[in-house]
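Data block below; observations after.
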Amino acid sequence: MPEGHTIHKIAKDHSKLLVGRPIGVSSPQGRFAESAMRIDGAFLNRIEPRGKHLFYEWDSGEVGHVHLGLFGKFRVQVGPTLNDPIGEVRMRLTTETETAEIVTIDLSGPTICSLDAPDVRISILARLGPDPLRRNSKPDRMIDKIRASDRGIGDLIMDQSVVAGVGNVYRAEALFVLGIHPLKPGREFEVDELEALWETIRTMLRRGVSDGRIVTVSRDEVGIGRGRPIPREEATYAYKRDHCLKCGDEIRRIEIANRICYFCPTHQAR
DNA sequence: AACTCATGCGAAT
DNA sequence: TTCGCCTGAGTTT
């Protein structure tokens with residue numbers, strides 16, 4: 001599930017349910033139990049998304065940190081009763097709404113779930129590149145880093161210190177839309193091409209936040225009218241496909257930055 | 001029941 | 001460059 005859009009959507013949705021109330025914090029699975037005890041019953045002031053990280057500002061002054069990694073998931077339940085956790089639940093947040101409904105948010109499988117002093121958040125933010133989903137964030141640092149590098153663009157945009165929030169799907173799809181070969185070296189880019197890349201990434205991520213899933217194709221090109229949902233297999237042009245959604249050419253796959261990068265040799269010539 | 005794969009990332013080699 | 005870690009869904013034996 002998790003690229004930057006997932007994290008920002010979670011922050012939005014969960015904030016509505018949790019912020020400004022006392023929160024029960026526990027760890028059914030046990031691995032977050034010591035930390036959970038320290039904030040159990042505390043008020044939550046804010047959930048801040050940044051790239052693929054979530055920061056929880058607790059009234060106690062400590063800062064929760066969650067990173068979903070590849071497998072992490074949240075399960076949200078709102079109802080009259082408190083349900084038993086399903087599977088391995090590292091952190092459980094519970095509260096009650098004005099209408100006396102029970103809110104339960106269960107986190108399973110995260111790479112990081114910790115409770116830290118505030119400076120930990122500061123040092124993590126310091127090593128993240130600009131986040132296209134943040135209001136007013138600018139691409140300058142991303143552009144400078146890319147143009148100063150010999151590494152390929154497909155390597156660079158998955159690097160969270162270059163841009164924060166792009167993962168394997170948006171990497172493939174953003175490069176596809178702009179017709180950029182994933183191995184093109186950073187040094188060979190002009191500024192306006194990278195400004196276009198920033199805008200493309202930002203637009204795709206925003207759409208991901210509002211859709212709650214990754215859809216990068218335009219409905220016109222796929223020939224699916226509004227009203228009908230776009231099936232998963234047709235939601236991307238190149239990612240995880242055998243054939244390009246536009247031209248039918250065989251999609252190539254090469255490993256870049258530990259992950260398979262999908263691209264269309266016709267649309268993204270060297 | 002076993003095996004494979006996944007929208008991630010840092011540490012070890 | 002490879003390995004390990006976190007978990008669950010889907011597929012194959």
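When reading the values below, keep in mind they use all heavy atoms of this one structure, side chains included, and skip hydrogens, waters and symmetry mates. Given the structure is predicted, the values throughout are model-derived calculations rather than measurements. Every chain is numbered from 1 and lettered A, B, ... according to where its sequence line falls, protein lines coming before strand lines.
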I256(A) CD1 to dT1(C) P, in whole Å, measures 12 Å

In numerical order, the residues of residues 159-170 of chain A whose heavy atoms come under 4.0 Å of DNA chain B are Q160(A), G167(A), N168(A), V169(A)

TODO: Determine the Euclidean distance between corresponding C1' atoms of dC9(B) and dA9(C); express it in Å to zero decimal places.
DONE: 22 Å

Check: residues 243-261 of chain A side-chain donor-acceptor pairs under 3.5 Å, at least two apart:
from	atom 1	to	atom 2	distance (Å)
H243(A)	ND1	G248(A)	O	3.2
K246(A)	NZ	E221(A)	OE2	3.2
D249(A)	OD2	T266(A)	OG1	2.4

Taking the same atom, P, in dT13(C) and in dC5(B), what whole-Å distance lies between them?
-> 12 Å

note: R127(A), atom CZ; dG8(B), atom P; distance rounded to Å ~ 16 Å

Open item on the list: Roughly how many Å apart are dC6(C) and dA12(B), using the P atom of each and rounding to a whole number?
Closed with: 15 Å

Rounded to the nearest 0.5 Å, the CZ atom of R270(A) sits from the NE2 atom of H181(A) at a distance of 5.5 Å

| request: Step by step, work out the salt bridge (Lys or Arg N to Asp or Glu O under 4.0 Å) result for D106(A) and R92(A). | output: CA-CA 5 Å; D106(A) 287 337; R92(A) 162 168 275 200; 2.7 Å; yes

Do K52(A) and Q160(A) come close enough that some side-chain heavy atom pair is under 4.5 Å?
yes

Please list, pair by pair, any protein nitrogen or oxygen found under 3.5 Å from a nitrogen or oxygen in nucleotides 7-9 of chain C.
from	atom 1	to	atom 2	distance (Å)
dT7(C)	OP1	Q29(A)	NE2	2.8
dG8(C)	OP1	E88(A)	N	3.4

By ring pair (Phe, Tyr, Trp, His ring centres under 6.0 Å), Y239(A) pairs with (sequence neighbours left out) Y262(A)

To the nearest angstrom, the CZ-C1' distance between R259(A) and dC3(C) comes to 15 Å

query = Does Y170(A) have its ring centroid less than 6.0 Å away from the ring centroid of H5(A)?
reply = yes

Taken to the nearest whole Å, CD1/I7(A) to C1'/dT7(B) is 9 Å

Residue set satisfying salt bridge (Lys or Arg N to Asp or Glu O under 4.0 Å) with R46(A), at least two apart, ordered chain then number -> E48(A)

Between G69(A) and N258(A), the residue closer to the 5' end of DNA chain C by nearest nucleotide is N258(A)

Residue set satisfying side-chain hydrogen bond (donor to acceptor under 3.5 Å, both in side chains) with S161(A), at least two apart, ordered chain then number -> K145(A), D159(A)

Please tell me if K52(A) has a side-chain N or O lying less than 4.0 Å from either OP1 or OP2 of dC9(B). yes

Rounded to whole Å, the CD-P distance (E255(A) to dC5(B)) equals 13 Å

Could you give the distance separating dG10(B) and dG8(C) at their P atoms, to the nearest angstrom?
23 Å

Exercise. What do you reckon, is CZ of R213(A) surrounded by more than 12 foreign heavy atoms closer than 6.0 Å?
Worked result: yes

Rounded to whole Å, NZ of K240(A) lies from C1' of dT4(B) at a distance of 11 Å

